Amino acid sequence: MSESQEQTKRAEEEIGAPDLEGDSDDSSDEGEACGDSDMDFLRNLFSRTLGLSPGDKVLDELSLEGVARYMQSGKCKSIICMVGAGISTSAGIPDFRSPGTGLYANLQKYNLPYPEAIFQIEYFKKHPEPFFALARELYPGQFKPTVCHYFIRMLKDKGLLKRCYSQNIDTLERVAGLQSEDLVEAHGTFHTSHCVNAFCRKEYTMDWMKEKIFSEDIPKCESCDNLVKPDIVFFGENLPARFFSSMKQDFPTCDLLIVMGTSLQVQPFASLVSRVSNSCPRLLINMEKTGQSDFPIGILGFGGGMDFDSDKAYRDVAHLSTCDDGCLALADLLGWKAELEELVKREHALIDSKDAKKKGEKASQSSEASEKAKGAEPEAGKSEKTE
């Protein structure tokens with residue numbers, strides 16, 4: 001099979017070829033039905049990709065202002081956010097691919113055969129040390145959610161958020177106030193961990209894993225002594241089942257897609273932008289444009305097919321800025337800016353207060369332990385003299 005044929009097959013599997021209803025004993029009738037279905041599928045695919053049959057134009061202007069007016073119109077009630085590492089960089093967490101500052105550009109100290117190996121499941125099973133060393137640096141609980149995280153929280157609070165699909169494993173969406181039902185953590189999470197042994201799969205909590213990681217122990221299963229791995233998706237592993245089930249339910253009813261802080265290079269997450277209806281507006285808040293189709297990959301349905309600049313553009317808007325600045329700009333147009341800034345200030349103060357309380361409790365426990373140890377010394381000396 002040629003490379004182009006393989007790509008076409010993958011495109012059909014990605015989008016989902018139509019099911020054929022009914023069985024026929026006549027092989028020629030069945031063949032004709034298959035041929036018609038295949039032609040319909042390809043015709044629809046090419047029409048959507050090439051923009052030959054666009055949906056209705058919903059935005060009165062292809063700009064952030066146009067998106068804000070649409071959101072205020074009362075017609076926008078089911079927003080999906082797709083987010084990547086770019087929404088967490090202002091919290092101090094590096095993204096993956098930025099030259100010089102990205103995670104993959106700064107892994108030399110781990111002596112990896114290639115940067116991506118740190119997230120390869122087979123490499124991890126043989127050499128878990130680099131991953132857990134990196135996990136100590138990036139472990140959730142050391143960072144605060146960003147303005148962008150709290151903007152998504154505001155969408156939830158205002159009843160506009162359908163779901164947030166995240167590529168991130170830092171759990172900052174949860175810290176910002178999103179619940180499990182609000183989230184699809186496409187690439188997994190540190191929230192839970194499991195034994196890698198397929199016949200065991202014992203589950204462990206985030207606190208258990210954190211204790212192991214920061215004590216510099218390699219986490220081993222208490223039942224079978226195999227490795228325990230946080231439930232983040234490594235290369236070579238399947239995405240969570242929730243990703244696929246939610247995708248089928250959510251995207252057909254989405255009436256605004258907001259994509260933030262992602263390069264849209266990793267499949268199948270990147271393909272989600274093409275799952276919304278042809279009339280659904282799509283807003284990209286990112287440092288650069290992404291998700292645009294390149295021929296011939298675009299014609300096969302890969303890459304999302306976002307169109308910001310051509311004469312046929314009718315629904316895609318690119319706002320080039322940091323994610324925080326873009327969310328503040330949109331919040332300002334919506335009349336939410338002061339509310340957003342107050343939310344960030346209040347939630348960060350609450351996090352600082354909790355952290356200070358924990359540090360105080362640890363210091364008190366350490367002091368009590370030290371006093372007990374000092375008190376035990378004279379007793380030990382007295383016992384020795386008596387003997």
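Given the structure is predicted, the values throughout are model-derived calculations rather than measurements.
- The 12-atom threshold is exceeded at CD of Glu181, counting heavy atoms of other residues, nucleotides or ligands nearer than 6.0 Å.
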Let me see the working for Asp217 and Ser215 under side chain to side chain donor-acceptor pair (under 3.5 Å), right down to the final yes or no.
CA-CA 5 Å; Asp217 291 335; Ser215 63; 3.1 Å; yes
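- Linking Ile, Leu, Val, Met, Phe, Trp and Tyr residues whenever their side-chain heavy atoms come within less than 4.5 Å places Phe244 and Val233 in a single cluster.
- For residues 159-168, the pairs satisfying salt bridge (charged side-chain N to carboxylate O under 4.0 Å, His left out) are Arg163-Asp250, with sequence neighbours left out.
- Listed by first and then second residue, the side-chain hydrogen bond (donor to acceptor under 3.5 Å, both in side chains) pairs involving residues 223-235 are Thr192-Asp231, His194-Asp231, Lys229-Glu237 (not counting sequence neighbours).
- Applying the ring-ring contact (aromatic ring centres under 6.0 Å, His included) rule to Phe131 yields the partners Phe124, Phe234; only residues at least two apart in sequence or on another chain are considered.
- In this structure Gln249 satisfies the side chain to side chain contact (heavy atoms under 4.5 Å, CB included) test with no other residue, sequence neighbours excluded.
- Under the 4.5 Å side-chain heavy-atom criterion for ILVMFWY residues, a single connected hydrophobic cluster contains both Met206 and Ile232.
- Partners of Arg69 according to the salt bridge (Lys or Arg N to Asp or Glu O under 4.0 Å) rule, which considers only residues two or more places apart in sequence or in another chain, are Asp60, Glu61.
- Here the CG-CE distance, from Asp316 to Met306, works out to 4.5 Å after rounding to the nearest 0.5 Å.
- By the 6.0 Å contact criterion, CD on Glu211 is open, its count of non-hydrogen atoms from other residues, nucleotides or ligands being 12 or less.
- The backbone N or O of Val58 lies less than 3.5 Å from no partner atom in the side chain of Asp56, so there is not a single donor-acceptor pair.
- Legend: residues meeting ring-ring contact (aromatic ring centres under 6.0 Å, His included) with Tyr123, ordered by chain and number and at least two apart, are His127.
- Taking Glu185 as the reference, Arg174 meet the salt bridge (Lys or Arg N to Asp or Glu O under 4.0 Å) condition, with sequence neighbours excluded.
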Could you list the donor-acceptor pairs under 3.5 angstrom formed between side-chain atoms of residues 340-351 and any protein atom two or more places apart in sequence or on another chain?
residue	atom	partner	partner atom	Å
His348	NE2	Pro145	O	2.8

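- Shown here are the ring-ring contact (aromatic ring centres under 6.0 Å, His included) partners of Phe243, two or more places apart in sequence or in another chain: there are none.
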Please table the atom pairs, donor to acceptor, closer than 3.5 Å between any side-chain atom in residues 195-202 and protein atoms at least two apart or in another chain.
residue	atom	partner	partner atom	Å
Asn197	OD1	Phe199	N	3.0
Arg201	NH1	Cys195	O	2.8

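- In this view, Lys220 satisfies the salt bridge (Lys or Arg N to Asp or Glu O under 4.0 Å) rule with no residue, not counting sequence neighbours.
- With sequence neighbours excluded, the residues satisfying salt bridge (Lys or Arg N to Asp or Glu O under 4.0 Å) with Lys144 are Asp352.
- Within 6.0 Å of atom NZ in Lys77, 12 or fewer heavy atoms from other residues, nucleotides or ligands are found, so the atom counts as exposed in its surroundings.
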